[in-house]
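Index from 1, following the sequence.
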Amino acid sequence: MMSETKSLVAPKASFDRRSVVKGAAWSVPVIAAAIAAPAAAASTHTYSAALIAGSGFPTVVGTPQMSGTGLQGFAVSTTGATFTGAVSVVINVQPDAATAATGVGLAVTASALARTAQSAPYNFAYSRTGAGNAASNAVLKYTVTVTVTVVESATKSTVLPAMAFVATLQPITTLSLVTGNGAPVIGGKPESLGTGPLGFDVTTTGSAVVGPISVAIDVKPDVTGTEGITLQVAATAQARTGQVAPYNFTYTRSGGGAITNVNGVKYTVTVTVSGAGVASASKVFDVILKKK
């Protein structure tokens with residue numbers, strides 16, 4: 001029989017006063033199963049349902065874009081020889097107080113997958129809704145409650161215990177390199193010429209970049225050697241403008257070695273931003289030092 005899937009979008013300013021059991025985020029490998037609910041005495045089937053964790057973060061559709069945590073889906077199982085009942089799914093999503101105030105909603109739906117003999121699996125799909133937005137460091141929380149009913153006939157159905165977990169949404173952070181009209185200045189002696197970006201921008205899909213940002217810069221020389229030359233790269237924060245936090249690079253060479261290779265000396269630079277203000281992001285680029 002065809003399965004029926006229903007979804008209820010969470011009201012922005014209302015709260016579910018029913019008790020729910022919070023599940024783990026998607027990164028947790030196993031989620032507690034709901035308690036089995038027996039069918040009527042005459043039935044040869046006993047049904048149960050369990051939430052299913054995934055191996056990564058779920059895709060969240062909608063704009064402005066956000067990343068999310070949540071579960072992959074759930075499965076309804078039977079102790080009978082074959083799963084024969086139709087399945088009705090009702091999903092209720094409730095934001096916490098701080099999340100409701102942002103005007104960002106979350107819709108969760110469930111789609112049926114191919115059944116096996118004793119199991120009916122479902123996958124969740126996540127969509128952000130509403131015209132609101134949140135700052136770059138916001139983590140929006142929603143309690144998702146899933147209620148499953150197995151319909152065996154027109155006169156007989158089994159309502160399974162509700163399953164609940166917490167899903168989250170967060171603005172996406174990106175790091176983009178900023179190139180200039182000329183080569184960067186290389187400090188230190190002997191004087192050298194260099195190629196490399198002038199800086200980078202930290203950008204959020206949220207309403208604004210807020211909170212502290214930590215910048216880590218790792219510089220590795222090419223395996224062919226550096227000829228006694230070390231390159232240091234530092235980043236200096238510039239004034240933030242809404243959704244963008246810009247940074248400028250400073251390049252300095254140290255060590256008294258001479259550049260003899262006509263192609264110069266290559267360094268691989270990795271820049272990583274993290275902290276309470278943004279989600280972690282990184283970028284890799286090359287810097288070439290040449291003889292002046």
Whether over 12 other heavy atoms sit under 6.0 Å from Gln65 CD: no

Can [Y] be reached from [X] by stepping across I, L, V, M, F, W or Y side chains whose heavy atoms are under 4.5 Å apart?
{"X": "Val61", "Y": "Val104", "answer": "no"}
{"X": "Ile288", "Y": "Leu198", "answer": "no"}
{"X": "Val273", "Y": "Leu177", "answer": "yes"}
{"X": "Ile229", "Y": "Ile217", "answer": "yes"}
{"X": "Ile52", "Y": "Leu113", "answer": "no"}

Taking every non-hydrogen atom, the tightest pair across [X] and [Y]:
{"X": "Val89", "Y": "Tyr122", "value": "CG2-CE2, 4.2 Å"}
{"X": "Ala86", "Y": "Arg115", "value": "CA-NH2, 4.1 Å"}
{"X": "Ser282", "Y": "Thr272", "value": "CB-OG1, 3.5 Å"}
{"X": "Ala110", "Y": "Phe74", "value": "CB-CE2, 3.9 Å"}
{"X": "Tyr47", "Y": "Thr158", "value": "CD1-OG1, 4.3 Å"}
{"X": "Asn133", "Y": "Pro64", "value": "ND2-CG, 3.5 Å"}

Would you say the side-chain atoms of [X] pair up with the backbone N or O of [Y], donor to acceptor, closer than 3.5 Å?
{"X": "Gln118", "Y": "Gly80", "value": "yes"}
{"X": "Thr205", "Y": "Met66", "value": "no"}
{"X": "Asn137", "Y": "Pro212", "value": "no"}
{"X": "Glu152", "Y": "Val150", "value": "no"}
{"X": "Ser136", "Y": "Val210", "value": "yes"}

Under the salt bridge (charged side-chain N to carboxylate O under 4.0 Å, His left out) test, residues paired with Lys220 that sit two or more places apart: Asp218

Roughly how far, to the nearest 0.5 Å, is [atom2] of [Y] from [atom1] of [X]?
{"X": "Ile186", "Y": "Gln232", "atom1": "CD1", "atom2": "CD", "value": "10.5 Å"}
{"X": "Lys266", "Y": "Leu231", "atom1": "NZ", "atom2": "CG", "value": "13.5 Å"}
{"X": "Ser207", "Y": "Gln243", "atom1": "OG", "atom2": "CD", "value": "7.5 Å"}
{"X": "Leu51", "Y": "Gln72", "atom1": "CG", "atom2": "CD", "value": "11.5 Å"}
{"X": "Ile91", "Y": "Thr145", "atom1": "CD1", "atom2": "OG1", "value": "10.0 Å"}

Any pair counted as salt bridge (charged side-chain N to carboxylate O under 4.0 Å, His left out), so long as it reaches residues 246-257, sequence neighbours left out: none

Qualifying salt bridge (charged side-chain N to carboxylate O under 4.0 Å, His left out) pairs with a residue from residues 188-213, counting only residues at least two apart or across chains: Lys189-Glu191, Glu191-Lys292

Val148 and Met163: CA distance, side-chain angles, deciding distance, side chain to side chain contact (heavy atoms under 4.5 Å, CB included) verdict: CA-CA 9 Å; Val148 175; Met163 301 172 288; 4.1 Å; yes

Option from Val93, Asn92, Val146, Leu71 for which side chain to side chain contact (heavy atoms under 4.5 Å, CB included) with Val108 holds: Val93

Passing option when Val233 is tested against Val271, Val269, Thr252 for side chain to side chain contact (heavy atoms under 4.5 Å, CB included): Val269

Parallel, tilted or perpendicular, as decided by the 30° and 60° cut-offs, for the rings of Phe200 and Tyr247: parallel

If you define the side chain from C-beta out and look only at heavy atoms, does anything of [X] sit under 4.5 Å from [Y]?
{"X": "Leu140", "Y": "Arg128", "answer": "no"}
{"X": "Val265", "Y": "Asp222", "answer": "no"}
{"X": "Val178", "Y": "Pro197", "answer": "no"}

Side chain to side chain donor-acceptor pair (under 3.5 Å) involving Thr195 - partner list, sequence neighbours excluded: none

Ring centroid separation Phe124 to Phe165 under 6.0 Å: yes

Quick one: side chains of residues 166-173, donor-acceptor pairs under 3.5 Å with protein atoms, not counting sequence neighbours, listed by atom name and distance.
unit_1: Thr168; atom_1: OG1; unit_2: Thr69; atom_2: OG1; d: 2.5
unit_1: Thr173; atom_1: OG1; unit_2: Ala279; atom_2: N; d: 3.1

Test ring-ring contact (aromatic ring centres under 6.0 Å, His included) applied to Phe285 - qualifying residues, sequence neighbours left out: Phe249

